[in-house]
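Have a look at the structure below, then the notes.
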Amino acid sequence: MPELPDVEGFRRVLAEHGVGRRIERVRVVDPGVLRGVGAGTLDRALRGHRFDEPERHGKWLLAHTDGPTVLLHFGMTGSLHWCGTEAAPHRHDRVIFVLDRGELRYRDMRKLQGVRLAHEPDEVAGLLAKVGPDALSVTRRDFTERLRGRRGRVKSVLTDQSVLAGLGNLLADEILWQARISPWTPVDRLDDARRRVLFDTMRRVLRAAVPTGRVPPRRSWLTGARDSPDAPCPRCGTPLSRRRLSGRGTVWCQRCQPG
DNA sequence: TCAGTTGTTTATAT
DNA sequence: AATATAAACAACTG
């Protein structure tokens, strides 16, 4: 699930239940999700510290404390939950931050990404060095600059986290469908007007999705149709087209998005 | 049994 | 050098 709006939802969970709370201990249920840090080190580094206001950058969640920072990435199936200590364990709880009030649980079925630890701000910067500007806070000027001079298909560029951070497969398809731009369009063939439409549409889709904490399945959106195999375009009724683009299942409307 | 899945990295080819 | 593609990672569903 996790794309920018999902991770923004996890940030809110952490902001609501974690900020100001003391970390009593860290229970690593499955060390398979730890990246570059061991269970003992993680626990010792965080014990006694309190969570500060968290940040999100693209699909990364930065769980700051008054000591180190924990970096969470949710891959395709991760999530973050708060619950009381007595709550039943979930099969896919991998790391549990035991607080002085309840627990924050990093849950993930597939373990494609995981949990990192940064002792210093420089270490955080190092881990995010290759990540582009956040899709929700990037300016139109910066957005345009970053698209200019790139080649390849517009969808591949939009989902390239080093160009722009936060857009995944669903969001990219949705934004391009709403902007009436074919995902197969070479990005260097977009003129100023089309780039502006793309930017405005991206912001509109993100702003609609973020409060829901997901990419919402709406009837009037492509998201509401793409899961049914023979679904028509919600806008014009034309049967939707499906094909793989850079290895990802891609859905678009040939009539609304010519190219 | 087989294909597919909302992410990222790596190897290989162009 | 930059892009494109496939595979790998791991777990599960239809």
Side-chain angles (χ1 to χ4, degrees), chain A residues 1-11 29-36 56-61 71-80 90-95 106-116 126-132 134-136 146-178 183-190 202 205-206 208-210 212-218 221-231 240-252:
Chain A
M1 292 158 54
E3 302 187 42
L4 188 154
D6 308 81
V7 181
E8 184 61 21
F10 304 147
R11 190 197 62 76
V29 182
D30 184 346
V33 298
L34 299 185
R35 303 295 142 108
R56 181 195 53 74
H57 187 100
K59 302 173 191 172
W60 286 94
L61 181 57
L71 289 90
L72 302 171
H73 197 298
F74 299 92
M76 288 172 75
T77 51
S79 56
L80 186 69
H90 186 281
R91 192 213 302 228
H92 300 127
D93 287 338
R94 309 296 187 186
V95 177
Y106 175 83
R107 191 171 293 174
D108 193 14
M109 181 181 72
R110 299 164 75 179
K111 295 173 280 187
L112 295 176
Q113 293 295 321
V115 178
R116 289 172 163 78
L127 287 167
L128 300 182
K130 294 194 299 187
V131 182
D134 185 75
L136 201 51
R146 289 185 159 264
L147 258 53
R148 203 193 330 258
R150 289 257 164 198
R151 288 170 22 216
R153 319 233 116 117
V154 62
K155 179 179 174 182
S156 306
V157 176
L158 286 180
T159 53
D160 183 338
Q161 302 300 298
S162 68
V163 175
L164 194 64
L167 304 187
N169 196 45
L170 284 186
L171 275 172
D173 279 1
E174 187 65 39
I175 291 163
L176 289 165
W177 179 78
Q178 292 198 24
W184 303 89
T185 310
V187 72
D188 56 7
R189 298 253 316 274
L190 296 174
M202 176 180 76
V205 171
L206 286 176
V210 158
T212 73
R214 59 192 298 201
V215 185
R218 295 191 178 169
W221 282 21
L222 181 63
T223 49
R226 64 178 298 152
D227 289 343
S228 330
D230 299 317
L240 291 169
S241 304
R242 297 169 189 273
R243 205 174 143 193
R244 299 194 85 73
L245 194 163
S246 29
R248 317 310 311 279
T250 298
V251 183
W252 79 104

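Below, chains carry the letters A, B, ... as their sequence lines are ordered, and counting in each starts from 1.
Residues A/Lys130 and A/Thr250 each lie close to DNA chain B; by heavy-atom proximity, the contact nearer the 5' end of the strand is made by A/Thr250. Taking for each of A/Ser156 and A/Met109 the nucleotide of DNA chain C with the nearest heavy atom, the 5'-most of the two is the partner of A/Ser156.
If you measure from atom CZ of A/Arg146 to atom P of C/dA2, you get 14 Å, rounded to the nearest angstrom. Nucleotide C/dC12 holds its P atom 9 Å from the NZ atom of A/Lys111, rounded to whole Å. The CG-C1' distance, from A/Leu128 to B/dT9, rounds to 16 Å in whole Å. One can place CZ of A/Arg153 at 17 Å from P of B/dT14, the figure rounded to the nearest angstrom. Taking atom CZ of residue A/Arg244 and atom P of nucleotide C/dA4, one finds them 16 Å apart after rounding to whole Å. Atom CZ of A/Arg151 and atom P of B/dT14 are 16 Å apart (whole Å). Atom CD1 in A/Ile175 sits roughly 15 Å away from atom P in B/dT6 (whole-Å rounding). Across the protein-nucleic acid pair, A/Gln113 atom CD and C/dA8 atom P stand 18 Å apart, rounded to whole Å.
Applying the 6.0 Å contact sphere to CZ of A/Arg242 captures more than 12 heavy atoms from other residues, nucleotides or ligands.
Among the atoms of the strands shown, only primed sugar atoms or phosphate atoms (P, OP1, OP2) are found under 4.0 Å from some heavy atom of A/Arg91. Residue A/Arg150 is classed as a sugar-phosphate contact, given heavy-atom separations below 4.0 Å to backbone atoms only. Here A/Gly247 lies out of heavy-atom contact (under 4.0 Å) with every strand.
Checked against ring-ring contact (aromatic ring centres under 6.0 Å, His included), A/Trp252 has the following partners two or more places apart in sequence or in another chain: A/Trp184.
Pair assignment for B/dT9 gives C/dA7, based on Watson-Crick or G-U wobble hydrogen-bonding distances that are each under 3.5 Å.
With P as the reference atom, C/dA7 and B/dC2 are 15 Å apart, rounded to whole Å. Between the C1' atoms of C/dA6 and B/dA3, the separation comes to 16 Å (whole Å).
Between A/Phe10 and A/Phe74, the angle of the ring planes lies from 30° to 60°, which puts this pair in the tilted group.
At a threshold of 4.0 Å, the pair A/Arg214-A/Asp6 does not count as salt-bridged, since none of the basic side-chain nitrogens sits closer than that to a carboxylate oxygen.
Residues A/Val131 and A/Ala165 approach most closely at CG1-CB, 3.4 Å, considering heavy atoms.
Put simply, A/Gln161 has no side-chain N or O that comes within less than 4.0 Å of OP1 or OP2 on B/dG7. At C/dA11, none of the side-chain N or O atoms of A/His92 fall inside 4.0 Å of OP1 or OP2 (strictly under the cut-off).
Considering only the side chain of A/Arg94, C/dA11 comes nearest among B/dT6, B/dG7, C/dA11.
The base of B/dT5 lies close enough to the side chain of A/Arg110 for a donor and an acceptor atom to sit less than 3.5 Å apart.
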